[in-house]
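In the text below, chain A, chain B and the rest are named by the order of the sequence lines, each starting its count at 1. Below, all heavy atoms of this structure are taken into account, side chains as well, without hydrogens, waters or symmetry copies. What you see is a predicted model, and the numbers here were worked out from it, not measured in a lab.
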Amino acid sequence: MAKIQSIRGMPDVLPEASALRLWVEDRLRGVLDRYGYQQVRMPLLEATALFARGVGDGTDIVEKEMYSFDDRSGESLTLRPEGTAGCVRLCEEHGLLYNQTQRLWYQGPMFRYERPQKGRYRQFEQLGVECFGFPGPAIDAELLGLCSDFWAALGVSDALTLELNTLGSPEARAHYRDALLAYLRPLASQLDEDSQRRLERNPLRILDSKAPETQALLEDAPTLEGSLDAVSREHFDALRRYLDALAIPYVVNPRIVRGLDYYTHTVFEWTTTALGAQGTVCGGGRYDGLVERLGGRPTPGIGFAMGLERLTLLAEAQGLGPVLDGNLDVYVLALDEAHTAQALALGHQLRQALPRLRVQVHCSEGKAKARFKKADASGARYALILGDAEVSQGTVAMKDLRAREGEQRTVALATLIDQWRADYGAEGP
RNA sequence: GUGGGCGUAGCUCAGCUGGUAGAGCUCCGGAUUGUGAUUCCGGCGGUCGUGGGUUCGAGCCCCAUCGUCCACCCCA
């Protein structure tokens with residue numbers, strides 16, 4: 001029978017990698033906490049229509065990357081390819097946007113049917129932040145400041161660049177779309193294949209094309225800048241002033257248009273050159289039309305999402321991560337099976353008396369030699385040993401596995417616990 | 001969806017112009033009958049990704065297929 005293995009693009013996370021991920025997540029959550037953002041959790045499955053309408057059915061995500069299927073009642077469901085649409089749905093469904101502002105975050109797996117490569121997987125984890133009800137550019141600056149604090153908390157600030165652009169108001173964006181179309185239609189036959197396909201569906205994406213022949217044609221194309229109205233211009237200028245006040249460096253990149261239909265005004269990406277081709281670690285922007293588009297009252301929104309796999313890869317590439325002090329303080333072993341019950345009870349007693357102490361009890365079999373080998377391999381500082389002599393005397397032998405000679409002494413258990421409390425406080429080492 | 005690299009022990013990898021599958025690490029046992037990490041000795045472990053073809057003979061050559069990695073596309 002053929003072996004069953006993990007689904008393509010859906011990677012397992014092994015203990016060492018998981019420790020690094022937890023380290024990253026702890027730091028990110030610390031920052032969110034200091035900013036007073038609140039967590040929400042959406043289901044992994046949503047109605048397919050939510051993404052078709054929210055993300056935009058001309059986008060690559062909706063066109064060819066969604067995991068969609070009919071459930072047993074015939075309803076079309078989709079594993080979420082991103083978090084913003086679901087977050088808006090959650091807010092609307094529970095009245096979170098009625099006469100109030102929100103600063104929210106979520107974290108969890110997203111699914112896109114793409115060819116896997118470095119830093120890109122079919123199931124990947126995003127941490128997303130979404131804010132609602134703030135029309136002005138101050139919140140744009142707050143979010144970029146939040147990002148900046150994320151990078152500082154992780155120690156990756158030097159590896160990341162903020163690239164910034166504005167798409168303008170929905171009206172300005174629509175106006176520019178028309179102008180660009182008018183320019184490109186007569187040249188359609190000279191565009192690269194992908195760009196021809198995008199011409200009617202999503203012309204702004206053509207700006208992003210890497211095909212040289214297309215880039216050449218774009219040199220004389222109307223610029224987005226030229227279509228900006230006064231309000232759009234002022235929003236962007238104010239944001240830039242705020243970023244200067246926060247001392248956050250950035251570069252304006254007019255080619256950033258982003259692949260989701262809902263963006264307006266501010267769009268941005270934090271990129272790195274340290275991860276190969278998948279250089280975008282974090283991306284987002286303002287989506288003032290999205291809530292309305294999904295059936296709510298017009299409500300300004302802005303948000304971004306980070307790929308945790310990419311962030312973790314970046315931290316790893318920078319040599320960052322948790323201090324490796326092992327995951328155990330104490331390894332309890334009976335010298336033979338006759339005292340297994342006492343060993344289990346001792347481990348239990350220690351965990352109760354010293355809640356922070358990390359204790360593991362030998363649960364395998366084998367001779368004394370094998371038991372000590374396990375104790376050593378466990379990484380624990382101390383071995384607590386129970387043999388005939390100790391059990392009959394009500395003591396335990398404590399061996400320092402990390403000392404040069406492995407010093408060992410016999411102590412009464414009560415003494416040991418009191419001593420540890422005295423040395424480390426009630427919380428243990 | 002397209003292109004290229006790579007699939008040999010749990011892990012990292014050797015394997016010559018085609019001639020009976022190897023090393024290191026890990027693990028287990030012994031030297032040391034209540035003591036690890038060092039040292040020495042021994043042992044377990046493989047349908048060479050899978051299927052077909054060529055050949056007296058295939059880990060090696062050919063075809064197909066699957067997986068994986070990287071890149072394109074796009075995105076986090």
Side-chain angles (χ1 to χ4, degrees), chain A residues 1-9 11 14 55 59-65 80-84 107-129 147 192-195 197-198 202 205 208-211 256-260 268-272 275-284 303-314 331 333-336 338-339 362 364-380 382-391 397-408 410:
Chain A
M1 224 160 57
K3 259 190 201 163
I4 296 176
Q5 34 186 111
S6 70
I7 304 302
R8 167 174 225 171
L14 272 37
V55 177
T59 60
D60 279 15
I61 289 178
V62 173
E63 242 174 32
K64 53 189 190 188
E65 295 176 2
R80 61 184 188 189
E82 57 100 54
T84 301
Q107 183 197 320
M110 307 293 165
F111 302 84
R112 292 183 198 172
Y113 190 89
E114 297 180 275
R115 195 79 168 253
Q117 67 186 76
K118 186 182 183 69
R120 192 174 70 189
Y121 310 97
R122 290 182 174 185
Q123 174 175 331
F124 61 103
E125 191 108 344
Q126 278 189 341
L127 192 155
V129 175
C147 289
D192 65 276
E193 197 180 324
D194 282 330
S195 295
R197 188 167 45 81
R198 289 193 196 114
N202 207 342
R205 291 224 52 82
D208 236 358
S209 170
K210 284 167 190 150
I256 294 185
V257 296
R258 305 195 49 76
L260 287 64
F268 59 89
E269 293 183 3
W270 293 86
T271 60
T272 179
L275 296 182
Q278 306 305 317
T280 304
V281 164
C282 172
F304 64 85
M306 294 178 288
L308 294 185
E309 289 85 357
R310 289 182 188 179
L311 254 189
T312 304
L313 281 172
L314 182 59
Y331 191 89
L333 66 139
L335 285 173
D336 57 68
H339 302 308
H362 184 84
S364 310
E365 300 175 6
K367 300 182 178 177
K369 179 191 170 89
R371 291 165 188 251
F372 276 92
K373 280 185 87 137
K374 279 268 198 303
D376 183 55
S378 78
Y382 295 107
L384 291 183
I385 305 147
L386 291 169
D388 291 338
E390 288 79 11
V391 169
M398 180 172 77
K399 176 168 181 147
D400 186 342
L401 293 167
R402 307 304 150 203
R404 269 191 303 275
E405 300 300 325
E407 288 91 349
Q408 182 172 328
T410 302

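A:E114 places its CD atom 6 Å from the C1' atom of B:rC75, with the value rounded to the nearest Å. Between the P atom of B:rU35 and the CZ atom of A:R402 lies a distance of 18 Å, rounded to the nearest Å.
In this structure A:L313 satisfies the side chain to side chain contact (heavy atoms under 4.5 Å, CB included) test together with A:Y121, A:L275, A:E316, sequence neighbours excluded. In this view, A:Q107 and A:E25, A:R29, A:E125 satisfy the side chain to side chain donor-acceptor pair (under 3.5 Å) rule, not counting sequence neighbours. Remark: A:Q126 pairs with A:M110, A:R112, A:F124, A:A305 by the side chain to side chain contact (heavy atoms under 4.5 Å, CB included) rule, at least two apart or across chains. With sequence neighbours left out, A:Y331 forms a ring pair (Phe, Tyr, Trp, His ring centres under 6.0 Å) with A:H362.
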Return one dot-bracket line describing RNA chain B 5' to 3' (Watson-Crick or G-U wobble pairs, both distances under 3.5 Å; ( ) same strand, [ ] crossing, | another strand, . none). (((((((..((((.....[..)))).(((((.......))))).....(((((..]....))))))))))))....
A:R8 and A:R115: CA distance, side-chain angles, deciding distance, side chain to side chain contact (heavy atoms under 4.5 Å, CB included) verdict: CA-CA 9 Å; A:R8 167 174 225 171; A:R115 195 79 168 253; 3.7 Å; yes
How far apart are the C-alpha atoms of A:D376 and A:R402, what are their side-chain angles, what is the distance that settles it, and do they pass the salt bridge (charged side-chain N to carboxylate O under 4.0 Å, His left out) test? CA-CA 9 Å; A:D376 183 55; A:R402 307 304 150 203; 3.0 Å; yes
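B:rA9 and B:rG59 are spaced 14 Å apart, taking the P atom of each and rounding to whole Å. Taking atom P in both B:rG53 and B:rC16, one finds a spacing of 25 Å when rounded to whole Å. Taking atom C1' in both B:rG7 and B:rC13, one finds a spacing of 13 Å when rounded to whole Å. Comparing B:rC60 with B:rA21, their P atoms sit 12 Å apart, to the nearest whole Å. Between B:rU26 and B:rG10, the two C1' atoms lie 8 Å apart (nearest whole Å). Rounded to a whole angstrom, the distance from the P atom of B:rA76 to that of B:rU38 is 49 Å. Look at the P atom in both B:rA37 and B:rG19: the space between them is 41 Å, to the nearest Å. Rounded to a whole angstrom, the distance from the C1' atom of B:rU35 to that of B:rG43 is 23 Å.
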Taking only nitrogen or oxygen atoms into account, show me every contact under 3.5 Å that the protein makes with nucleotides 66-68 of chain B, one pair per line with its distance.
{"unit_1": "B:rU68", "atom_1": "OP2", "unit_2": "A:R8", "atom_2": "NE", "d": "3.3"}

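Within the structure, every side-chain polar atom (N or O) of A:K367 is placed at least 4.0 Å from both OP1 and OP2 of B:rU33.
Comparing A:L386 and A:E82 against RNA chain B, the residue whose closest nucleotide sits nearer the 5' end is A:L386. For the pair A:G387 and A:K374, nearest-nucleotide mapping onto RNA chain B gives the more 5' position to A:K374.
A donor-acceptor contact under 3.5 angstrom links the side-chain atoms of A:Q117 to the base of B:rC73. Judged by atom type and distance alone, A:K369 does not reach the base of B:rU35 through any side-chain donor-acceptor pair under 3.5 Å. Between the side chain of A:Q408 and the base of B:rG36, no donor-acceptor pair of N or O atoms lies under 3.5 Å.
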